[in-house]
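Below: one structure, written as structure tokens.
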Number of protein chains: 2
Amino acid sequence: MFCCRPVFWMGKDTLRVSAALFAENRQRLCLGLKAKSDLNPRSVVLLQGGEQKQRYCTDTDVLFRQESFFHWTFGVTEADCFGAVDVDSGKSFLFVPKLPESYATWMGDAVMWTIADVLTSKNPAALLTLRGLNTDSGSICREASFEGISRRLIKTDMELEVLRYTNRISSEAHKEIMKHVKPGKKEYEMESLFQHYCYSRGGMRHTSYTCICGSGHNSSVLHYGHAGAPNDKTINDGDMCLFDMGGEYYCYSSDITCSFPANGKFTADQKTIYEAVLRSSRAVMAAVKPGAKWTDMHRLADRVHLEELVKAGILHGDVDDMLEVHLGSVFMPHGLGHLLGIDVHDVGGYPEGVERVNEPGLRSLRMGRLVQERMVLTVEPGIYFINHLLDQALADPAQSCFINRDVLARFRGFGGVRIEDDVAVTATGVELLTCVPRTVEEIEAFMAEAEGKSFSA
Amino acid sequence: MFCCRPVFWMGKDTLRVSAALFAENRQRLCLGLKAKSDLNPRSVVLLQGGEQKQRYCTDTDVLFRQESFFHWTFGVTEADCFGAVDVDSGKSFLFVPKLPESYATWMGDAVMWTIADVLTSKNPAALLTLRGLNTDSGSICREASFEGISRRLIKTDMELEVLRYTNRISSEAHKEIMKHVKPGKKEYEMESLFQHYCYSRGGMRHTSYTCICGSGHNSSVLHYGHAGAPNDKTINDGDMCLFDMGGEYYCYSSDITCSFPANGKFTADQKTIYEAVLRSSRAVMAAVKPGAKWTDMHRLADRVHLEELVKAGILHGDVDDMLEVHLGSVFMPHGLGHLLGIDVHDVGGYPEGVERVNEPGLRSLRMGRLVQERMVLTVEPGIYFINHLLDQALADPAQSCFINRDVLARFRGFGGVRIEDDVAVTATGVELLTCVPRTVEEIEAFMAEAEGKSFSA
């Protein structure tokens with residue numbers, strides 16, 4: 001199964017991905033569908049690939065990135081295709097656009113499809129029929145939500161290999177950032193360097209999401225880095241940095257956050273908050289295994305955070321009482337983690353009929369299933385000091401009674417800390433895919449030693 | 001007018017852009033509209049800004065880039081806005097989304113608009129009305145094609161300053177590539193380095209278009225670098241490189257192509273073709289001035305190419321006869337150049353009623369106007385050896401009679417050469433915005449001297 005020639009390879013030391021990966025996915029898709037009692041005989045799965053788009057009404061092509069369901073099923077990087085899978089026989093059909101002769105002048109020789117067991121049809125009649133069918137429903141791609149495709153949340157060996165690769169390269173890129181960061185640099189210089197490392201060393205042309213490069217106060221803005229807040233602050237001495245960045249290889253994602261002081265040396269307060277988050281991260285990792293409830297993992301992180309905030313003197317009182325009034329979500333308003341795969345927030349987090357828990361924090365959790373072997377998940381606890389959430393808590397007697405106002409005041413403007421790793425669930429626990437310095441000692445030693453050393457472009 | 005505080009600045013040595021740039025654009029818009037005899041009294045221009053999009057049906061935000069007409073008029077970087085200009089009074093109104101309170105948690109403090117003379121309305125009623133109006137026509141942005149906006153093709157002093165900046169940074173980035181390129185590297189390593197330089201040094205988060213990094217045969221593929229041909233070839237000794245890349249600052253474009261040998265030393269054939277293109281480039285630049293016909297400039301380039309191909313022994317016969325049968329378009333199938341501004345192929349190339357010349361080559365020309373002062377244009381002649389076009393020419397007796405088959409055979413696989421500069425039209429000629437080594441001697445000297453020297457990330 002691994003012997004096929006690679007269908008995707010960016011050369012040099014980058015990963016060779018076999019077409020067999022997608023053949024196995026299609027096989028799993030058919031098995032899943034056949035297991036359904038209500039499957040119609042002679043069923044065919046029809047998927048529309050991504051379409052090449054332009055910027056608004058211009059002729060500037062947006063860099064194409066394949067639609068995720070289509071990629072999972074066919075592994076085709078080109079735009080404007082359709083694909084079909086005959087469930088009974090397992091045979092696949094790929095419908096590629098009929099290209100005008102001038103294509104070769106502008107875009108190069110037409111693609112030679114390499115997917116071994118996919119039949120290529122250039123029959124324009126068949127193609128036009130398919131297009132006609134789909135145009136009826138508008139050009140908007142809809143989520144392919146039938147049962148078989150939910151197998152995407154269970155990763156095969158070949159998929160795990162790709163996810164290990166995206167994590168390895170992205171981890172190395174994060175370490176580059178830790179070598180280069182220093183007060184006076186712009187946050188976006190770090191974003192640029194991360195992307196450059198991932199692409200030039202790892203062949204990763206896309207990131208999995210817009211890079212979040214928050215320093216100082218910005219490290220408490222959960223989705224910092226967007227066009228309205230484009231990583232444009234100067235990094236200051238004393239800033240906590242929270243860099244959440246992941247490269248994507250052949251559409252497979254990674255999602256990693258490193259938090260560290262800009263100057264390489266933790267202050268006492270930074271160490272306190274950082275180690276609080278690290279303890280919850282490691283507590284969760286020790287508890288994740290097949291059968292564990294992911295909502296329990298989120299609650300576990302909340303509990304550890306609150307225990308540590310009591311030790312730090314920011315809170316006082318009984319942690320169980322604090323959990324009753326959802327005090328944890330004041331400091332971690334997001335979910336503990338999510339499925340990861342071809343999408344950074346991969347599909348299938350909630351099976352049909354399971355709703356999100358409607359509580360602060362938990363309602364942001366993107367995964368509500370029991371943990372299963374071969375799931376890939378992020379574990380990303382964090383503690384943030386977000387002014388308007390602190391103000392709300394202080395205004396709410398049920399929460400403010402636990403807060404030591406004077407101590408908390410010291411942490412206004414601190415920003416936040418998140419520690420995010422990607423893990424693959426094994427039979428008994430997890431395999432940690434991310435490899436970056438994590439303890440305070442490791443980070444300080446790495447940043448001190450690394451000064452001035454860097455990869456040459 | 002230049003005294004306002006900058007509305008956009010990426011810090012360090014990057015360019016400060018004043019809000020006055022857009023105030024002047026709106027003024028020009030109103031003047032243009034008022035000059036129309038059929039303008040309705042009390043007219044209001046209503047423009048929809050770009051909307052934040054997600055990848056397909058996922059929750060992954062695509063990095064937002066403002067819609068070009070909206071940017072030209074308002075200079076706002078944020079998504080999901082509307083803007084209106086009252087033509088009589090010149091007053092402007094900006095309608096920003098009413099953000100939920102949780103926005104601050106995820107995206108940071110809400111934007112404080114800095115555009116001095118734009119009134120900010122957070123009145124949700126007004127906002128909803130506008131949205132309602134526009135939803136009727138679907139969510140697709142349509143080209144704003146009324147007369148006033150065509151002033152976009154004439155650049156103000158402040159716009160020229162931004163375009164000089166994008167060209168300077170992108171020129172420096174191209175020179176970085178010429179320092180780093182060598183046989184054994186991947187084409188995409190050069191793309192990555194170009195982007196890294198533009199972003200980390202120039203604050204340019206976007207490129208104006210997908211980078212074209214063709215080496216060897218790929219240098220003859222006009223739009224190489226797309227997802228189906230993703231700059232993934234290894235650069236070989238003896239390859240001609242054609243790198244067409246431009247960075248974008250605050251939505252203003254640049255568009256530059258450098259062609260050079262991968263190993264820094266031209267072969268005799270490479271020198272011949274390169275100098276043929278350089279002569280046509282410089283002949284065109286010497287001829288461009290207000291009142292010149294752009295189609296004539298294209299024809300001039302064709303003529304020089306054919307003269308040079310005769311000297312090189314690839315063609316024989318009378319150049320006027322060759323022009324009759326459009327032989328030039330076999331070697332340069334694209335247009336000579338286009339308007340440049342907020343879009344890389346900027347709007348307004350053909351005034352109402354003027355059609356493209358329906359001849360090979362010229363029908364690809366994106367600009368059919370007379371040249372005017374303050375236009376910014378690309379001058380980008382090229383000679384390519386594209387197999388299927390050569391085969392067509394050889395099969396056509398009207399063209400093949402001019403071709404020395406044996407000599408041409410030597411150039412199969414050569415690839416192509418393009419020399420692309422951006423120019424601003426002055427009262428008497430052009431200002432060259434691009435600054436890179438251009439003669440064979442300059443390129444060889446620069447690449448020899450540059451070895452091992454590079455900017456540190």
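Here is the naming used below: chain letters follow the sequence lines, and residue numbers restart at 1 for every chain.
B/Asp346 does not touch chain A: none of its heavy atoms, backbone or side chain, sits under 4.5 Å away. Only the backbone of B/Tyr224 has a heavy atom closer than 4.5 Å to any heavy atom of chain A. The contact between B/Thr14 and chain A is made entirely by side chain atoms (from C-beta outward), counting heavy-atom distances below 4.5 Å. Within the 4.5 angstrom heavy-atom criterion, only side-chain atoms of B/Ile386, from C-beta onward, approach chain A. Using a 4.5 Å cut-off between heavy atoms, B/Ser364 touches chain A through its side chain atoms alone. With a 4.5 angstrom heavy-atom cutoff, B/Arg366 touches chain A only via side-chain atoms. For B/Gln54, no part lies under 4.5 angstrom from a heavy atom of chain A. Contacts of A/Leu389 with chain B are made by side-chain atoms alone, with heavy-atom separations under 4.5 Å and no backbone atom involved. With a 4.5 angstrom heavy-atom cutoff, A/Glu187 does not touch chain B via any of its atoms. Neither the backbone nor the side chain of B/Thr234 comes within less than 4.5 Å of any heavy atom in chain A. With a 4.5 Å cut-off on non-hydrogen atoms, B/His388 touches chain A through its side chain but not through its backbone.
Between B/Lys186 and B/Asp232 no salt bridge is recorded (no basic side-chain N to carboxylate O distance below 4.0 Å). A salt bridge links B/Arg205 to A/Glu191: one of the charged nitrogens lies within less than 4.0 Å of a carboxylate oxygen. Under a 4.0 Å N-O distance rule, the pair A/Asp343/A/Arg152 qualifies as a salt bridge. With salt bridges taken as basic N to acidic carboxylate O contacts below 4.0 Å, one links A/Glu176 and A/Lys179. Remark: A/Glu189 does not engage B/Arg201 in a salt bridge, criterion side-chain N to carboxylate O under 4.0 Å.
Ranked by heavy-atom pairs under 4.5 Å with chain A, the list B/Val344, B/Thr58, B/Asp59 is led by B/Asp59. Taking chain A as the reference chain and counting heavy-atom pairs below 4.5 Å, the highest number among B/Gln195, B/Gln66, B/His345, B/Arg55 is found for B/Arg55. Between chain B and the residues A/Ala229, A/Gly203, A/Gly214, the largest count of heavy-atom pairs under 4.5 Å involves A/Gly203. Heavy-atom pairs under 4.5 Å with chain A were tallied for B/Ala79, B/Ser208, B/Ser68; the largest tally goes to B/Ser208.
Without hydrogens or angle criteria, A/Asp80 side chain to A/Val96 main chain gives no donor-acceptor distance under 3.5 Å.
Note on ring orientation: taking the six-membered ring where Trp is involved, the planes of A/His196 and B/His196 are parallel (angle under 30°, cut-offs 30° and 60°). Using a 30° and 60° split on the angle between ring planes, B/Tyr250 and B/His71 fall in the perpendicular class, above 60°.
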- Query: Can B/Tyr209 and B/Asp255 be said to form a side-chain hydrogen bond (donor to acceptor under 3.5 Å, both in side chains), step by step?
  - Reply: CA-CA 8 Å; B/Tyr209 49 95; B/Asp255 186 358; 2.9 Å; yes
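Checked against a 6.0 Å centroid threshold, the rings of B/Phe8 and B/Tyr249 count as neighbours.
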